[in-house]
Amino acid sequence: MNQIVLGILYWYQKNLRNLPWRSTNDPFKIWLSEVILQQTQVVQGTVYYEKFIENFSNIKQLANAEEEQILKLWQGLGYYSRARNLHKAAQHIINNFNGVFPNNYKDLLKLPGVGDYTASAIASFAYNLPHPTLDGNVYRFIARLYNINLPIDEPRNKSVFINILMELMEGQEPRQFNNAMMEMGAIICKPQNPQCNICPVADYCEALKNNTVENLPVKSKKVKVQIRHLNYFFIEYNNGFYLEKRMGSGIWQNLFQLPLIETLSEGTKEILLSQINLILNNKSTMDIHFEKDMRHILTHQRLEVKFWKIQLNIEPEFTNKKMVHTNLSEYKNYAVPKLIENYLLLL
DNA sequence: AAAACGTGGCA
DNA sequence: TTGCCAAGTTT
């Protein structure tokens, strides 16, 4: 047997982490864990996995749930399209697959939110089918092991890595092989401070030989961060305040937030008073009070946020119809972005 | 193909 | 502070 594969599999047997979704072959649980762990670290995702398993024990329950309940459970985890697609995929299985979880790569790929990686993960972990799981860990591990300096964020280079994995996986148990490759990337061949001194395949590592470990893998794209100025309004009326549902596309779709006015530069009282009709139709005199500012950092955006307060004695007329009246205890039923939660928790 | 999509941790 | 990264997918 290939000495590299032998070393990795032996190491995995001795060093694997005991993760909740590793002790099952249930495709429903595998799928749930894989979606939760997309672009998300194990420490962050685990509690969400437990929450979802507690609330939904099968596909049907998930399909029949309200999207708002699913988003609420997902609150704080980010990339909320995953939660919306989780719901859609469950309904897809009920409607198009007769309620039976798809058991092959091609059908798995039809599920919303399931791409190459996740389809391969479910196919191999649930059904032991030979599809390599090429995630960030495996990209890094392979790039170093074979000293490959092709940018891993360019789709056209993907086949180079897939082909290597297919060859290595030949004759192995796909479930075991994929788990071992990802675990190596996560535990030994880490982005920073890789543990080359205890790596079971250090003798075969081309990057270690060429002293390029720290330079691999190569990424070609760099993210450009857009700065946005958001002004949120805590509109007090009748012992409560208002939340609006974010519609359309873009960030935080279908989550709730305080009524918002976005400005091109930092919002001032004068600017906001002149634009308040974007939210309210009230003709009566009103005033706005600055409360707090916050900065919220996302991958592609830096949000400069100001929170303002408006007190009303007569019921407001909103321009936006998707508005709900709530209060400081009841609002916790709504899924809100972390930013909004952070502010409301201060009150 | 490139850009958008969240949040938290670490150096 | 800034930049990078995490069990990627969608448009």
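Protein chains get the first letters and strands the later ones, always in sequence-line order, with residue 1 at the start of each. Quick note: numbers below take in every heavy atom, side chains included, and nothing from hydrogens, waters or symmetry partners.
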What is the distance from [atom1] of [X] to [atom2] of [N], rounded to the nearest Å?
X: A/Leu108; N: C/dG8; atom1: CG; atom2: P; answer: 17 Å
X: A/Glu34; N: C/dA7; atom1: CD; atom2: P; answer: 11 Å
X: A/Leu32; N: C/dA7; atom1: CG; atom2: P; answer: 17 Å
X: A/Lys219; N: C/dC4; atom1: NZ; atom2: C1'; answer: 8 Å
X: A/Glu214; N: C/dC5; atom1: CD; atom2: P; answer: 11 Å

Positional range of nucleotides in DNA chain B within the contact set of chain A, heavy-atom, under 4.0 Å:
B/dA1 to B/dG8
For a quick check of understanding: with a heavy-atom distance under 4.0 Å over all strands, which category does [X] fall into, base, sugar-phosphate or nothing?
X: A/Gln301; result: sugar-phosphate
X: A/Ile251; result: sugar-phosphate
X: A/Arg17; result: base
X: A/Trp21; result: base
X: A/Gly45; result: nothing

Check the angle between the aromatic planes of A/Tyr48 and A/Trp74 and answer parallel, tilted or perpendicular using the 30° and 60° thresholds.
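The arrangement is tilted - the two ring planes meet at 30° to 60°.
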Are A/Phe97 and A/His92 packed together at the side-chain level, in the sense that at least one heavy-atom pair is separated by less than 4.5 angstrom?
yes
Between the protein and nucleotides 9-11 of chain C, which nitrogen or oxygen pairs are less than 3.5 angstrom apart?
from   : atom 1 : to       : atom 2 : distance (Å)
C/dT9  : OP1    : A/Gly115 : N      : 2.8
C/dT9  : OP1    : A/Gly115 : O      : 3.3
C/dT9  : OP1    : A/Thr118 : N      : 3.0
C/dT9  : OP1    : A/Thr118 : OG1    : 2.8
C/dT9  : OP2    : A/Tyr117 : N      : 3.3
C/dT10 : OP1    : A/Gly113 : N      : 2.4

Which heavy atom in A/Cys199 sits nearest to a heavy atom in A/Met184, and how many Å separate them?
SG-CE, 3.9 Å
Kindly confirm or rule out a cation-pi arrangement of A/Lys306 over A/Phe290, judged by NZ or CZ under 6.0 Å from the six-membered ring centre and within 45° of its axis?
yes
Salt bridge or not between A/Glu214 and A/Arg144? Use side-chain N to carboxylate O under 4.0 Å.
no
